[in-house]
There are 2 protein chains.
Amino acid sequence: MEKYSNFLLSNGVKPSVQRLRIYEFIHTNRIHPTIEMIYSNLSHEMPTLSKTTVYNTLKLFVSKGVAKAINIEDTEIRYDADLSTHGHFKCKSCGGLFDVMLKIDNLVIEGLDNFKIEEYQVNLKGYCNVCKPN
Amino acid sequence: MEKYSNFLLSNGVKPSVQRLRIYEFIHTNRIHPTIEMIYSNLSHEMPTLSKTTVYNTLKLFVSKGVAKAINIEDTEIRYDADLSTHGHFKCKSCGGLFDVMLKIDNLVIEGLDNFKIEEYQVNLKGYCNVCKPN
DNA sequence: AGTAAGTTTGTAATCATTACAAATATATTA
DNA sequence: TAATATATTTGTAATGATTACAAACTTACT
Ligand SMILES: [Mn+2]
Ligand SMILES: [Mn+2]
Ligand SMILES: [Zn+2]
Ligand SMILES: [Zn+2]
């Protein structure tokens, strides 16, 4: 995709075959995948893909700001190509990670006088509409 | 401390010497310590303390709900005995983890119709008032 | 005191992540 | 185009935090 290629380039990421495909994957499949999910999904069509490359690529993406790492759980890191302001909900039953729209302007924060806030995450957990006991 | 002992008991945690001292430590020192910090701070006064015990104890505390695990960073887990509703701010320079008061009632959340929200975390990052470049 | 149940400890095993160097691909120069 | 330099990928080995486990110890109960 030319669009993805230019986006990566404009953010200082040289779009190699692997990087482009990995970026396309996380941008298209909004499942907030782990490294393992990305690797197992792409290794079929790219048989020589190394897991090291997936690790390196996602680290590069996060450092260049083209993807975000979501630390909602201490047992896994999930990745998101959606850079817009939003939070996340993880279902304790199925493990699904859902986007949550936030009206963050309403969130009053106290206790940070003279602090410089650069980023934030709002992470929720519970049971999704499918898994919720009725 | 009798107070701590009773609190642990009422939450299903038998207050052994080690558990009581670990709980007292995280309740008194509001630095949101890691396992390593807890261990290195207490191993002087409790020379036989095993790091395994610290791991086991904090896992027990979290499962019994007497402490919370804060996943603000994928490189460390920090623990908090403060069960009240509040968020956290981590300084990227000194690593300090600060409490943040939230008026969370104002936070409008969309996209979770029929979901059951059980817990949430609000995690911020940036630079504290000491480390902030002027 | 003696027995049983629960807890702690030290060590060994596990496993996700990282380091590294060779191989491959891409860009640059002649 | 061929040669050379630079960047990226790959596979394997090393690392290190966490967990599994069984022996030692502590506590509660008879
Ligand atoms: Mn998202
Ligand atoms: Mn706190
Ligand atoms: Zn679910
Ligand atoms: Zn600081």
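The model shown is predicted, which means the values in this text are computed figures rather than measured ones. First the proteins, then the strands, lettered A, B, ... as listed; each starts at 1.
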Between [N] atom [atom2] and [X] atom [atom1], what is the distance in whole Å?
| X | N | atom1 | atom2 | answer |
| --- | --- | --- | --- | --- |
| B:Leu60 | C:dG6 | CG | C1' | 12 Å |
| B:Arg21 | C:dT8 | CZ | P | 15 Å |
| B:Met46 | D:dT26 | CE | P | 12 Å |
| A:Tyr39 | D:dT9 | OH | P | 15 Å |
| B:Gln18 | D:dA24 | CD | P | 18 Å |
| A:Arg19 | D:dT9 | CZ | C1' | 9 Å |
| A:Asn56 | C:dA25 | CG | P | 18 Å |
| A:Lys64 | D:dA7 | NZ | P | 12 Å |

* **A:Val122 vs A:Val100 side-chain heavy atoms within contact, under 4.5 Å** => no
* What do the steps show when you test A:Lys68 against A:Glu119 for salt bridge (charged side-chain N to carboxylate O under 4.0 Å, His left out), and what is the final call? -> CA-CA 11 Å; A:Lys68 288 187 174 181; A:Glu119 43 184 310; over 6 Å; no
* Return each pair, listed once, that meets ring pair (Phe, Tyr, Trp, His ring centres under 6.0 Å) where at least one residue sits in residues 34-82 of chain A; pairs must be two or more places apart or across chains. =>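 Output for this query lists A:Tyr23-A:Phe61.
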Interface polar pairs with nucleotides 12-18 of chain C, N/O, under 3.5 angstrom:
unit_1, atom_1, unit_2, atom_2, d
C:dT17, OP2, A:Tyr55, OH, 2.2
C:dT17, O5', A:Tyr55, OH, 3.2
C:dT18, OP1, A:Lys59, NZ, 3.0

* If two hydrophobic side chains count as joined below 4.5 Å and joins carry through other members, does A:Phe89 share a cluster with A:Val130? -> no
* A:Leu97, A:Leu102: one ILVMFWY side-chain cluster at the under-4.5 Å cut-off? ->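 Hydrophobic grouping puts A:Leu97 apart from A:Leu102.
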* To do: For the pair A:Glu73 and A:Lys125, find out whether any cationic side-chain nitrogen is under 4.0 Å from an anionic carboxylate oxygen.
  => yes
* Is A:Thr53 touching bases, backbone alone, or none of the nucleic acid, heavy atoms closer than 4.0 Å? -> base
* **Geometric class of the B:His86/B:His32 ring pair [parallel <30°, tilted 30-60°, perpendicular >60°]** => tilted
* **Minimum-distance nucleotide to B:Val17 side chain [options: D:dT27, D:dG11, D:dT8]** =>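 The closest nucleotide is D:dT27.
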* Among D:dT9, C:dT9, D:dT10, the nucleotide that comes nearest once only the side chain of A:Ser16 is considered ->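 Given the options D:dT9, C:dT9, D:dT10, the side chain of A:Ser16 is closest to D:dT9.
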* Structure fact -> Comparing B:Lys14 with B:Pro47, nearest DNA chain C nucleotide closer to 5' gives the residue B:Lys14
